[in-house]
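Reckoned from all heavy atoms, side chains included, excluding hydrogens, waters and symmetry mates.
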Amino acid sequence: MNIFSENKDRMGVFSFPSPALMGVFIFSLVTSSLLPELALANQDAGITRRYKFDIKLVKMTRLCHTKSIITVNGQFPEPLVKAQECDNLVVEFVNHVKNNITIHWHGIRKLQSGWADGPAYITQCPIQTGQKLCTTSQATVYGPLIILPKSNLSYPFGKPYEEVRIIFGEWWNADPEAVISQALQTGAGPNVSDAYTINGLPGPLYNCSSKDTFKLKVKPNKTYLLRLINAAMNDELFFSIANHTITVVEVDAVYVKPFETNILLITPGQTTNVLLKTRPHFPTANFFMYARPYATGQGTFDISTVAGILEYELPNFSSLNSTSTNNLPLFKPALPPLNDTSFASNFTGKLRSLANPQFPAKVPQKVEKRFFFTVGLGTDPCPSNQTCQGPNNRTKFSASINNVSFVVPTPAILQVYFFGQSNGV
């Protein structure tokens, strides 16, 4: 789920679909995991699960820089939302900040409820200061929504020993609203973030951040389900754990034919579930996990690397202690170059639907109409009497689909609709 900040009491109920799935979504706040309390849900009708999210400012320090950021219930990243297939989910948002707020549920089909899924004044009326919305940006606000299979269904792979959420995000020392405003005014690419994060932590490769490092503690000879979520704003990311192989089993809430890899690619807003089989015995070493962007063409990209650490728990008979484990060898993974299109193409080419009797691939066999879309980053001419900071002083960056860019109209789309000024459009 994404929460967007921009400067009614209404109830919305989300009913999740019935096909068995293991879903991880982003509500920029994400989804998945067999939890005991969910097994009590009625297998057919589901139950109603209620959450209250207070949107408020909290002071947070990263990179030795303290600032106020928008959070949900004071948490960063935001709290987990979990449900089982066929459950109804009711979430009440209360806005305690000065900005108007909208909600985006990334990966959820908001059928007949688009009014409850940002952006502001285009598909959703924002939640104003002091108001609340009961329903299903600030760039710092994101969190996980996990949808589990029905209690009588299982994953199409062995039950993991444990499930771990790993959320990739970004940290700006500056105000992200100011970053966007400057880019729109100048036509330049937006200033890049100061760091990538793993579960909100920059890690030891950034200045003043060794203590803010995500550590994944595991036991030998166990299988872990890692729920990877890319909540970075615009960056595709390579990810790898040194000296370990992972098995990809699900992408964007769709089971795939499992395949092994030591590096994966995850796009913005995408979720990927992988199985990590740990070493049979305590390895007497620690292992970096790295994430770094994949990018081609023009534009502005943060090309830094975020790191977490995979640590094995000490066996009971070990003579080592927690202090000495910090001095163990620390292995590094090797990631592809920034613009390694060959790896990106080969990786995505391995993604195939599971397509078995329990999880069939229901693809239409007859094509009635074909469409061709190109999505790219191009340029627009600089307005007269203005100097722009795009690729040259005469242009500004502009994203487009089939060479057409969306420009927010004046007056706003919803304003035109509600006041009957659309003239049939």
Between [Y] and [X], do the side chains contain a donor N or O and an acceptor N or O under 3.5 Å apart?
X      : Y      : result
Asn262 : His244 : no
Tyr294 : Thr341 : yes
Glu78  : Asn73  : no
Tyr206 : Asp194 : no
Thr379 : Thr395 : no
Ser304 : Asp302 : yes

Practice task
Compute both the distance and the angle, then confirm whether Lys67 meets the cation-pi test with Trp172: under 6.0 Å from the six-membered ring centre, within 45 degrees of the axis.
Solution key: no
Would a 4.5 Å heavy-atom cut-off, applied to side chains only, mark [X] and [Y] as touching?
X      : Y      : value
Pro293 : Tyr196 : yes
Thr197 : Phe168 : no
Asp54  : Val72  : no
Ile69  : Thr71  : yes

Problem - Ala232 backbone acceptor or donor facing Asn230 side chain under 3.5 Å - result: yes
State plainly whether the residues [X] and [Y] are in salt-bridge range, i.e. N to O under 4.0 Å.
X      : Y      : answer
Glu311 : Lys215 : yes
Glu313 : Lys217 : no
Glu162 : Lys222 : no
Asp87  : Arg49  : yes

Practice task
Look at the aromatic rings of Phe287 and Tyr312 and report parallel, tilted or perpendicular, splitting at 30° and 60°.
Solution key: perpendicular
Exercise for the section: Classify the angle between the aromatic ring planes of Phe288 and Tyr290 as parallel (below 30°), tilted (30 to 60°) or perpendicular (above 60°). Expected result: tilted
Exercise for the section: Hey, could you give me the OG1/CG distance between Thr123 and Leu414, rounded to the nearest 0.5 Å? Expected result: 7.0 Å
Handout entry: Interatomic distance, Lys257 atom NZ to Ser353 atom OG [nearest 0.5 angstrom]
Key = 6.0 Å
Handout entry: Given Leu228, Thr247, Ile266, the one that forms side-chain contact (heavy atoms from CB on, under 4.5 Å) with Val274
Key = Leu228
Practice task
Could you go through the side-chain hydrogen bond (donor to acceptor under 3.5 Å, both in side chains) check for Ser405 and Ser398 one step at a time?
Solution key: CA-CA 7 Å; Ser405 298; Ser398 181; 2.8 Å; yes
